[in-house]
Amino acid sequence: MAGVCGKSAVSLSVLKRSFSLQRGCPWPVLASARRSALEGRLMAVPPHPFRAHRHPAYVCFPCQDSMTETLRTCYSYLNQTSRSFSAVIQALDGELRHAVCIFYLVLRALDTLEDDMTIPLEKKVPLLHDFHSFLYQPEWSFTESREKDRQVLEDFPTISVEFRNLGQEYRDVISDICHRMGAGMAEFLEKKVASMKEWDKYCHYVAGLVGIGLSRLFSASQLEDAEVGRDTELANSMGLFLQKTNIIRDYLEDQQQGRAFWPQEAWSQFASRLEDFAQPQNLSSALSCLNLLVTDALRHVPDVIAYLSRLRNQSVFNFCAIPQVMAIATLSACYNNPQVFQGVVKIRKGQAVTLMMQATNMGAVQSIIAQYSQEILQKVSITDPSREQTLCVLNLIGEKSVSRAALTPRAHHISPVCVSAAMILAALSWQYLNATAGPAGGADMQGH
């Protein structure tokens, strides 16, 4: 994204490997499982311990034969433009799957338009403000983009016709979020993130609105209670936690590409220029700023716990929980870590697979959060300027994430449904990690 708007939460990753489900059968058939992500051991995890899920834990991907040609094309675009969550979106239950797919593609098109630095501002700003209206213009497309995902703009009529095929309850949500996000993008085109308040506002536009929109779609599908969609504060925090984690971790990459997302109010306490943190002689100041921002991101975790505890549908829970536990693990890896300013911070591939396999019930998620919060606590220096704030927020998280069980639940009387869910998660995990693994063999949660 141009200007400041360059790290949208809708820019997910593209999966390079796929797996299929045998039609008419709930049991997964792994298409390219050359080796197990967990060395051949699949540990089933019971459903949400606090509420009975109303739907089975297994998932079936959309049947291509039952889809229109334009909808099949939309799923093709989804696979091309989303490295990490394409399969997870397709694992959602029922008609929610199509609604989230179209929601993603609409925001991907909006984001691609905003990203394109070759479009003059005098043309781009009106396009961003009016983009939501193009959903109801069957012939509208944009053929002047040079971005790599430009096909979603050039073939926007294919996306917009499937948008119009959705139920009114879904169309209203997608159009509204698109309208608000376009206005926010236009606002931050040439505006730097100065204050911490503006950092929250920027993250709200590019990620919080995504969380709000998804939550409203969950409720509209009736897979989740109406309160999930109504509580915009919790939904916003879900997006802000992920977005801030990406921004914190990607300091060096953004600096190398001439982008700046760390709020000036934070970094100006420790340096005269944000780029100074990359200099070895400024490491102490850099770490102080880093820890301040990690502490700010952590304040959203209690809301994350509250949000996830409300979810009833297994596919929705998996969809929401996995990115959140990856984020808390990433923040733990970043906290007080000089590598943020020297290279790339990634959690280990095996660690990421384990997290994805375990984050299928609330007890396990709370245990994961407690574990990484404790790791951060052990790293807090007595001389860190943000020490008191960090300890305070970690104490609050501890109160919300009391462990109810060991990280690896015992598997007594495992049902075939739970085994199916675990197998699918293993396949999704392996695809995700093959897409995001860098030269060092790590795994990240990059949003591109």
Side-chain angles (χ1 to χ4, degrees), residues 8-24 28-33 59-116 131 134-135 137-167 170-171 174 178 210 213-214 217 221 315 319 424 427-436 446-448:
S8 172
V10 301
S11 44
L12 308 177
S13 341
V14 168
L15 286 167
K16 296 180 179 176
R17 297 195 179 185
S18 61
F19 74 103
S20 61
L21 295 182
Q22 192 171 9
R23 189 176 305 159
V29 180
L30 306 187
S32 65
V59 296
C60 288
F61 283 179
C63 177
Q64 293 284 318
D65 293 344
S66 66
M67 290 194 284
T68 63
E69 183 64 31
T70 50
L71 187 56
R72 282 198 294 269
T73 301
C74 285
Y75 277 100
S76 176
Y77 289 154
L78 175 66
N79 290 327
Q80 293 171 30
T81 58
S82 168
R83 277 198 317 247
S84 59
F85 290 115
S86 172
V88 183
I89 289 174
Q90 293 175 79
L92 288 168
D93 287 344
E95 63 185 17
L96 176 62
R97 178 190 308 122
H98 298 326
V100 173
C101 173
I102 300 306
F103 184 44
Y104 171 86
L105 291 176
V106 168
L107 297 188
R108 162 56 63 214
L110 177 62
D111 184 66
T112 300
L113 181 68
E114 205 280 339
D115 262 344
D116 198 328
F131 196 84
F134 302 148
L135 292 167
Q137 298 180 27
E139 303 303 320
W140 185 88
S141 65
F142 188 80
T143 58
E144 302 171 34
S145 176
R146 298 294 177 264
E147 291 292 296
K148 63 180 178 66
D149 293 331
R150 59 185 177 273
Q151 74 268 23
V152 294
L153 287 170
E154 294 171 348
D155 194 20
F156 197 73
T158 293
I159 298 170
S160 67
V161 72
E162 287 302 328
F163 163 81
R164 293 188 297 276
N165 285 340
L166 294 173
Y170 299 125
R171 297 199 305 271
I174 295 172
C178 184
V210 179
L214 286 169
L217 292 177
S221 72
S315 72
F319 178 86
I424 289 172
L428 295 180
S429 302
W430 185 243
Q431 292 180 35
Y432 177 93
L433 293 171
N434 273 280
T436 57
Q446 177 63 39
H448 300 316

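The first residue of the sequence shown is numbered 1, and numbering continues consecutively from there. Quantities reported herein were computed from a predicted structural model and do not represent experimental measurements.
- Counted by atom type alone, E162 and T73 present zero donor-acceptor pairs between their side chains at under 3.5 Å.
- Between I102 and N165 the shortest side-chain heavy-atom distance does not fall below 4.5 Å.
- Partner of C101 under the side chain to side chain contact (heavy atoms under 4.5 Å, CB included) criterion, out of L71, L96, L92, L78: L78 alone.
- Taking the ring pair (Phe, Tyr, Trp, His ring centres under 6.0 Å) definition, one finds that F134 meets it with F131, W140, sequence neighbours left out.
- Results of the side chain to side chain contact (heavy atoms under 4.5 Å, CB included) test with C74 over I159, T68, V152, N79 single out I159 as the only residue that passes.
- Scanning all heavy atoms of the two residues, the minimum distance from A91 to S315 falls at O-CB, 3.5 Å.
- Between atom CD1 of residue I174 and atom CG of residue L217 there is a gap of 5.5 Å, rounded to the nearest 0.5 Å.
- Of all heavy-atom pairs between F103 and V210, the closest is CE2-O, 3.9 Å.
- Residues that satisfy the side-chain contact (heavy atoms from CB on, under 4.5 Å) test with E139, not counting sequence neighbours, are absent from this structure.
- With sequence neighbours excluded, the residues satisfying side chain to side chain donor-acceptor pair (under 3.5 Å) with S76 are Q80.
- Put simply, the side chain of Y104 gets close to the backbone of T81: a donor and an acceptor are under 3.5 Å apart.
- For S221, there are no side chain to side chain donor-acceptor pair (under 3.5 Å) partners at least two apart in sequence or on another chain.
- No donor-acceptor pair closer than 3.5 Å links the side chain of D116 to the backbone N or O of T112.
- Of the inter-residue distances, the one linking L105 atom CG with Q151 atom CD reads 9.5 Å to the nearest 0.5 angstrom.
- In terms of modelled atom types and a separation under 3.5 Å, the side chain of S145 and the main chain of R150 share no donor-acceptor contact.
- In plain terms, the two heavy atoms of P138 and P157 that are nearest each other are O-CB, 3.3 Å.
- Note that the CG atom of L153 and the CZ atom of R108 stand 10.0 Å from one another [nearest 0.5 Å].
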Passes side chain to side chain contact (heavy atoms under 4.5 Å, CB included), E95 versus Y170? Steps please. CA-CA 10 Å; E95 63 185 17; Y170 299 125; 2.8 Å; yes
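- Listed by chain and residue number, nothing satisfies the side chain to side chain donor-acceptor pair (under 3.5 Å) test with E154 (two or more places apart in sequence, or in another chain).
- Applying the side chain to side chain donor-acceptor pair (under 3.5 Å) rule to T158 yields the partners D155; only residues at least two apart in sequence or on another chain are considered.
- Taking every heavy atom of both residues into account, V106 and C178 meet most closely at CG1-SG, 3.9 Å.
- Closest approach of L135 to F156, counting heavy atoms only: CD2-CZ, 3.7 Å.
- In plain terms, the two heavy atoms of H98 and M67 that are nearest each other are CE1-SD, 4.1 Å.
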